[in-house]
A.B. asks: 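Encoded as structure tokens, here's the structure I'll be asking about.
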Amino acid sequence: MLILSLGRYLSLTGGVSLARVVHYRKLIMKNAGSAECLWCEASSVRIKHVRLKMRSLLPCMRKARFEASVILILFTIGLAQAEESSISLGIPVLGMIGCGESDGYVFSARAQDKILGHVVETSDFGGVCSGVAAFQFDQCVEIFDASGRLLASACAPIESNHRNKYRIQRGPVSIPADGIYRIVVRDGNNRGRGTYTLWLQDTSDPKAFQTLANAIPRLMPIQSPGEVHTFVFNADKNDRIEIKMEPQSGDLIPRLALYSPNGELVALPEGGSVDVVALESGRFTLLAFSAVAETGTYLVEMNTGSSPPSLPDSSIAGPFHLFPQFAAGEGWSTSFLAANVSDGPTTCSVSLNGTVDGTCLLPGHTFTLSGRGSVARLEVAYVAAGGLATGYAAISCDGDIAAWSILRLDDRETGYPLGMATVFSSQSSKESVLPIYLHGGNLGIAFVNDSDETSELQIRLLDEKEELAGLTRISLPPRGHTARFITELLSVPFDSGSNFRGSIRISGAAQPVYLIGFLFDDTVFTTIPAARLAP
């Protein structure tokens, strides 16, 4: 009786031995021309049913008796697609693609489930397929509904490592209705072949997960290529969520993905750290994995608290937004963009303060965002003959929104655009700092006092050695606004090349003020949000 081991087969075809992760049965060939099916199983990793077909037998084989002969059997994977099997969410499956093959799996899902798939190449057989060099195994993944309609697809490469292996991700895909769905893994041009790990998860209702407790680190192993670990934890709206994934051994390249209680992506950083503010309360899902097929151990720790992180102003959502500068007329125009991050309809009002005679807000000073994710655009238009309207704008809402302002300068005669920049929604502060890197240009600063009392400001100019290079004071009346170039406020000690490097420190405000910087180079400009040193 002839016994052929899976390890011997993989060595003949150029693959990698899987003996360390699977317990396999022996393939017994009872007579000439017969072919059997090979099943391999493990507790958490499963190899699909693979059909093997006899390619050739050595001439010395006899149908009646061949047990005494030492036979070498060469075979290939059959072209027919293997029988489909089910896949469990949260449990990785190890599969193998032969020449011209695809692997299909079925899974059950409910309407509005958010299904996410990862496929990682674990080995590449190369060789020749249908008379053409196979080159690389470039895996693709496709998700179909019960009628065969394609819902989503993705092909490698997304992320690669030095071994030319790839991890691809697809989803979360929102499931349209209850039923049985199908996921297919294949090579991009149907000529590559190799082994892979497939992993599926429902980010809105995860399976096979572990719980993360606040401020308690966990040491976790990634033992086989393509593993993805699922964690869940609870957080309240406006909590600050900080998560770190730190490799401890092996060649792990840390990757994290954070999903909201309804399964939508919240953060997918390049490295192993997340720092966000929760926009809703509930159970969050965290995925931890390595960039491609690396293995090793890592520490993961999650911390939640009530204090928000120090984020760029444009990243903060809330019911109130203040823009320290708008302009309309003489080639200038300003438009406001808003996005609803609340669960229900949100109504907002816009107020313009400053030299606003002759301006109007189109299509109106009040607008309503219908629901979560809805957006709106409003434009400040100058309607008087000539002149320039400037000042600051405030948006007040009965729910949380994210908001931005676009400031644009066009040539007054031709209408040709000369410059455009985002004016961020600013935070009030009693002490702020702005960096200055001038190379022949100039820095403008817009100041706003949105309180009912006068605010006195001290403005210090520091060089790159943080030595005092200039000092002045300005007074902002209640609801006051001013926009000035730094060269109008202070005598800047430029070098012979009209360069200056340093910073502007604004302090001493009796009432918190809002400000933003504008870096100009002729008519081209950009914005520099101020960093708060004291709220």
Side-chain angles (χ1 to χ4, degrees), residues 21 43-45 87-94 114-122 141 154 158-161 165-172 196-235 239-278 282-305 309:
V21 294
S43 59
S44 62
V45 180
I87 182 171
S88 299
L89 299 182
I91 304 297
V93 169
L94 184 62
K114 302 295 192 303
I115 299 299
L116 173 71
H118 282 219
V119 180
V120 175
E121 175 190 338
T122 55
V141 60
I158 293 295
E159 228 175 329
S160 63
N161 64 12
K165 296 177 182 176
Y166 303 108
R167 173 188 294 273
I168 59 174
Q169 304 172 52
R170 190 62 179 95
Y196 63 88
T197 298
L198 169 65
W199 176 89
L200 288 184
Q201 186 59 277
D202 179 1
T203 57
S204 62
D205 185 18
K207 309 298 187 294
F209 61 80
Q210 302 182 66
T211 302
L212 275 182
N214 191 34
I216 299 179
R218 297 192 61 171
L219 180 64
M220 300 294 300
I222 293 181
Q223 297 175 311
S224 60
E227 273 189 49
V228 180
H229 294 163
T230 305
F231 302 93
V232 300
F233 63 89
N234 292 317
D239 273 357
R240 178 180 183 175
I241 301 173
E242 293 180 286
I243 306 170
K244 291 187 181 299
M245 176 185 180
E246 298 179 346
Q248 302 297 302
S249 66
D251 56 353
L252 291 183
I253 302 175
R255 292 290 185 266
L256 294 172
L258 181 64
Y259 295 87
S260 67
N262 65 0
E264 298 293 343
L265 181 66
V266 173
L268 184 63
E270 285 295 321
S273 62
V274 170
D275 190 347
V276 298
V277 174
R283 187 179 71 169
F284 288 76
T285 299
L286 175 72
L287 306 181
F289 49 97
S290 190
V292 190
E294 304 83 9
T295 58
T297 60
Y298 66 91
L299 275 175
V300 60
E301 183 175 357
M302 180 274 302
N303 290 275
T304 60

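Sequential numbering from 1 along the given sequence is applied to the chain's residues.
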A.B. asks: Rounded to the nearest 0.5 Å, what separation is found between the CZ atom of Phe289 and the CG atom of Leu252?
C.D. replies: 12.0 Å
A.B. asks: Quick check against the 3.5 Å criterion: does Lys207 have a side-chain atom that pairs as donor or acceptor with the backbone of Asp205?
C.D. replies: yes
A.B. asks: Got Thr230 and Leu287 here, is their nearest side-chain heavy-atom distance under 4.5 Å?
C.D. replies: yes
A.B. asks: About how many Å separate CG of Leu256 and CD1 of Ile243, when rounded to the nearest 0.5 Å?
C.D. replies: 6.5 Å
A.B. asks: If the plane angle is over 60° it's perpendicular, under 30° parallel, otherwise tilted; pick one for His118 and Trp199.
C.D. replies: perpendicular
A.B. asks: Enter the distance from Ile241:CD1 to Asn303:CG here, rounded to the nearest 0.5 Å.
C.D. replies: 11.0 Å
A.B. asks: Measuring from atom OG1 of Thr297 to atom CE of Met220, what distance do you get when rounded to the nearest 0.5 angstrom?
C.D. replies: 10.5 Å
A.B. asks: Do Thr122 side-chain atoms and Pro225 backbone N/O form a donor-acceptor pair below 3.5 Å?
C.D. replies: no
A.B. asks: So Met245 and Leu299, side chain to side chain contact (heavy atoms under 4.5 Å, CB included) or not? Walk me through it.
C.D. replies: CA-CA 6 Å; Met245 176 185 180; Leu299 275 175; over 6 Å; no
A.B. asks: Can Val266 and Val274 be said to form a side chain to side chain contact (heavy atoms under 4.5 Å, CB included), step by step?
C.D. replies: CA-CA 10 Å; Val266 173; Val274 170; over 6 Å; no
A.B. asks: Please check if the side chain of Arg167 supplies one atom and the backbone of Ala291 the other of a donor-acceptor pair under 3.5 Å.
C.D. replies: yes
A.B. asks: Let's go through Phe233 and Leu258 carefully: what are the C-alpha distance in whole Å and the side-chain angles of both, what is the deciding distance for side chain to side chain contact (heavy atoms under 4.5 Å, CB included) to 0.1 Å, and is it a yes or a no?
C.D. replies: CA-CA 11 Å; Phe233 63 89; Leu258 181 64; 3.8 Å; yes
A.B. asks: What's the spacing between Gln223 CD and Thr295 OG1 if we round to 0.5 Å?
C.D. replies: 9.0 Å
A.B. asks: Does Thr304 offer a backbone N or O that forms a donor-acceptor pair with the side chain of Asn214 under 3.5 Å?
C.D. replies: yes
A.B. asks: Would you please name every residue forming a ring-ring contact (aromatic ring centres under 6.0 Å, His included) with Phe231, sequence neighbours left out?
C.D. replies: none
A.B. asks: Please report the shortest heavy-atom distance between Ala257 and Leu268, naming the atom on each side.
C.D. replies: CB-CD1, 3.6 Å
A.B. asks: How close do Ala154 and Gln169 get, heavy atom to heavy atom, and via which atoms?
C.D. replies: CB-O, 4.0 Å
A.B. asks: For residues Leu212 and Met302, report the shortest heavy-atom separation together with the two atoms involved.
C.D. replies: O-CE, 3.8 Å
A.B. asks: Taking Asp202 for its side chain and Ile115 for its backbone only, find out whether a donor-acceptor pair lies under 3.5 Å.
C.D. replies: no
A.B. asks: Report the distance from atom CD of Glu264 to atom OH of Tyr259, rounding to the nearest 0.5 Å.
C.D. replies: 10.0 Å
A.B. asks: Taking all atoms of both residues into account, what is the closest heavy-atom pair of Pro206 and Gln201, and its distance?
C.D. replies: CA-OE1, 3.3 Å
A.B. asks: Tyr298: which residues meet the ring-ring contact (aromatic ring centres under 6.0 Å, His included) condition with it, sequence neighbours left out?
C.D. replies: His229
A.B. asks: Report the residues that fulfil side-chain contact (heavy atoms from CB on, under 4.5 Å) with Ile216, sequence neighbours left out, ordered by chain and then residue number.
C.D. replies: Ala213
A.B. asks: Give the minimum heavy-atom separation between Pro221 and Leu219, together with the two atoms involved.
C.D. replies: CD-O, 4.3 Å
A.B. asks: If I compare all heavy atoms of Glu294 with all of Ile253, which pair ends up nearest, and what's the gap?
C.D. replies: OE2-CD1, 3.6 Å
A.B. asks: Between Thr285 and Phe209, does the side chain to side chain contact (heavy atoms under 4.5 Å, CB included) criterion hold? Intermediate values first, please.
C.D. replies: CA-CA 9 Å; Thr285 299; Phe209 61 80; over 6 Å; no
